[in-house]
Amino acid sequence: MLFFLFLLLLSAASSVSAKLSLDYYNASCPRVHQIISDIITTKQINSPTTGAGVLRLFFHDCFVSGCDASVLISTNNFNVAERDADINHSLPGDAFDAIVRAKASLELQCPGIVSCADILAIATRDLVSMLGGPFYPIRLGRKDSFTSSAAYVESNLARANTSIDKIIGLFAAKGFTVRDFVALSGAHTVGFSHCSEYADRIFHFNNGGPFAFDPTMNPRFAQALQKACANYLRDPTIATFNDIMTPGKFDNLYYQNLLKGLGLLATDQKIAADPRTAPLVKLYAENQTAFFEDFAHSMQKLSIYGVKTGRYGEVRRRCDAFNNLSG
């Protein structure tokens with residue numbers, strides 16, 4: 001049954017990817033890449049966490065109902081949209097703003113041509129590369145979704161304390177392998193996480209004393225996090241970098257950190273211990289080229305997941321509203 005499901009997903013992905021192409025906008029909006037690059041470069045310079053934020057936004061969009069810009073839709077009186085699901089409340093405003101700015105610029109040059117889903121895919125790839133990561137080709141021609149519902153989010157995204165079994169199952173159900181899971185986890189080499197996402201690892205661990213921490217953590221690291229997060233209950237915006245060594249650089253230090261007990265989130269540290277994922281963590285820690293190649297492959301695979309084409313989607317005039325509601 002699982003094999004049949006995998007073949008079905010593979011067939012659907014092949015059918016959709018055949019409708020996408022690298023040169024989709026060559027005639028209709030030839031400067032699409034330059035326009036997006038100019039906007040996000042300025043945004044990244046002014047707000048250095050933008051790259052990590054857009055990468056996370058892309059994953060949260062694609063993994064729920066496919067890469068269809070449904071996460072960009074704003075809630076209205078008739079519908080609670082994906083971006084207002086509890087797990088998405090921490091998606092950074094700078095990430096949304098980068099896409100909105102790119103769309104506004106494109107609408108001036110090529111009105112009604114470039115979808116928000118394609119903008120998000122291109123911006124993500126460009127920002128990963130800008131931060132030092134791999135550059136990979138992106139097929140274009142995605143359409144934007146007609147729907148966006150917060151109700152579908154929670155069951156499709158992993159929490160910081162989700163078990164490895166459940167995450168592997170979540171990925172497998174969407175046609176992704178364990179290798180994809182470990183490679184895509186490397187996105188945590190940039191960005192930050194709020195203290196609330198890992199507080200159970202550094203305070204009262206396993207119902208211990210107030211400063212009892214997860215023994216898989218490097219003790220000095222855990223104690224430094226306890227100091228940084230001391231007031232997180234009063235100030236839920238307090239956050240720390242995912243990669244304490246090179247937080248603004250896309251590299252393989254995330255995996256090296258895991259081998260030293262410097263993983264921030266519980267799920268991060270677990271992949272260094274689980275026998276299904278640990279060999280890949282070790283490989284990527286030792287070989288950045290292998291990580292970059294696998295990350296690029298998995299991102300290309302993710303970028304065509306659940307894509308809408310033809311009459312199954314639209315090119316929104318505004319990324320935060322469906323056309324029938326945006327005037």
Side-chain angles (χ1 to χ4, degrees), residues 31-62 67 69-75 81-85 87-109 114-136 138 157 160 184 186-198 228-229 232 235-251 253-254 264-265 295 299 303 316 318-321:
R31 294 189 63 246
V32 59
H33 292 282
Q34 188 60 53
I35 291 169
I36 293 174
S37 179
D38 288 348
I39 295 294
I40 62 170
T41 298
T42 300
K43 183 68 181 177
Q44 176 65 23
I45 290 170
N46 293 332
S47 303
T49 59
T50 297
V54 169
L55 178 53
R56 186 162 174 248
L57 187 65
F58 178 71
F59 185 84
H60 279 229
D61 180 50
C62 294
C67 302
S70 52
V71 75
L72 302 178
I73 290 291
S74 292
T75 292
E82 286 179 25
R83 68 192 292 175
D84 282 316
I87 197 172
N88 282 340
H89 285 164
S90 60
L91 290 173
D94 281 329
F96 289 98
D97 185 59
I99 306 306
V100 167
R101 287 172 182 266
K103 176 63 171 175
S105 186
L106 282 164
E107 284 300 295
L108 292 175
Q109 299 287 325
V114 184
S115 69
C116 301
D118 275 347
I119 294 171
L120 182 54
I122 294 170
T124 300
R125 185 272 311 275
D126 287 359
L127 284 161
V128 165
S129 179
M130 203 180 299
L131 294 174
F135 185 90
Y136 48 90
I138 288 283
L157 293 174
L184 291 172
H188 287 171
T189 189
V190 291
F192 57 85
S193 295
H194 292 94
C195 294
S196 58
E197 295 182 77
Y198 57 86
C229 295
Y232 86 96
D235 183 0
T237 65
I238 297 176
T240 59
F241 290 119
N242 292 329
D243 172 359
I244 59 169
M245 299 300 184
T246 55
K249 184 180 179 184
F250 197 99
D251 55 24
L253 257 68
Y254 161 78
L264 189 63
L265 305 178
F295 181 82
M299 284 295 283
S303 76
R316 290 186 207 135
R318 284 175 42 181
C319 289
D320 65 348

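What you see is a predicted model; the values in this text were computed from it and never measured. Hydrogens, waters and symmetry mates play no part in the numbers below; they use all other heavy atoms, side chains included.
Remark: the backbone N or O of H194 is paired with a side-chain donor or acceptor of E197 at under 3.5 angstrom. Of the possible donor and acceptor atoms, none in the side chain of K43 sits under 3.5 Å from a partner among the backbone N and O of A95. D61 contributes a side-chain N or O that, together with a main-chain N or O of S70, makes up a donor-acceptor pair within less than 3.5 Å. The closest donor-acceptor contact from the side chain of T124 to the backbone of L55 lies at 3.5 Å or more, if one exists at all. Between the side chain of N88 and the main chain of E82, a donor-acceptor pair closer than 3.5 Å is present. A distance-only check finds no donor-acceptor pair linking the side chain of S37 to the backbone of H33 [under 3.5 Å]. A distance-only check finds no donor-acceptor pair linking the side chain of S105 to the backbone of R101 [under 3.5 Å]. Looking at D97, its side chain never comes within 3.5 Å of a backbone N or O of G93 through a donor-acceptor pair. Checked by atom type and distance alone, the side chain of R316 pairs as donor or acceptor with a backbone atom of A69 at under 3.5 Å. With hydrogens and angles disregarded, a donor-acceptor distance shorter than 3.5 Å links the side chain of N242 to the backbone of V190.
Separating the CG atom in L91 from the CG atom in D84 is a distance of 10.5 Å, to the nearest 0.5 Å. Separating the CG atom in L72 from the CZ atom in R318 is a distance of 12.0 Å, to the nearest 0.5 Å. Between atom CD1 of residue I39 and atom CG of residue L106 there is a gap of 8.0 Å, rounded to the nearest 0.5 Å. Between atom OH of residue Y232 and atom CD1 of residue I238 there is a gap of 10.5 Å, rounded to the nearest 0.5 Å. Rounding to the nearest 0.5 angstrom, the gap separating the CZ atom in R56 from the OG atom in S193 is 7.0 Å. Between the CZ atom in F96 and the CG atom in L120 there is a gap of 9.5 Å [rounded to 0.5 Å].
No side-chain heavy atom of V114 sits under 4.5 Å from any side-chain heavy atom of I122. Proximity of L131 to Q44: side-chain heavy atoms (C-beta onward) are separated by under 4.5 Å at one or more points. At least one side-chain heavy atom of I40 sits under 4.5 Å from a side-chain heavy atom of M130. Counting heavy atoms from C-beta on, the side chains of I244 and L264 never come closer than 4.5 Å. Within the 4.5 Å cutoff, the side chain of R125 has no heavy atoms near those of the V128 side chain. Using a 4.5 Å heavy-atom cutoff, the side chains of D320 and V100 are not in contact. Looking at M299 and L184, their side chains come closer than 4.5 Å, going by heavy atoms from C-beta outward.
Closest approach of T42 and D38 over heavy atoms only: OG1-O, 3.1 Å. Contact detail for A239 and F192: the closest heavy-atom pair is CB-CD1, 3.5 Å. The minimum heavy-atom distance linking T75 with A81 is given by the pair OG1-N, 2.9 Å. Minimum heavy-atom separation, A117 to C67: CB-O, 3.7 Å. Shown here for A123 and I99, the closest heavy-atom pair between the two residues is CB-CD1, 3.9 Å.
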May I have the step-by-step check of side-chain contact (heavy atoms from CB on, under 4.5 Å) for D243 and D251, ending in yes or no?
-> CA-CA 10 Å; D243 172 359; D251 55 24; 3.7 Å; yes
side-chain hydrogen bond (donor to acceptor under 3.5 Å, both in side chains) between Y198 and T240: does it pass, once the steps are laid out? CA-CA 10 Å; Y198 57 86; T240 59; 2.6 Å; yes
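Partner of F295 under the ring pair (Phe, Tyr, Trp, His ring centres under 6.0 Å) criterion, out of F135, F250, Y254: F250 alone.
Within a 6.0 Å sphere centred on CZ of F241, other residues, nucleotides and ligands contribute 12 heavy atoms or fewer.
Side chains of D94 and T50: no donor on one and acceptor on the other come within 3.5 Å.
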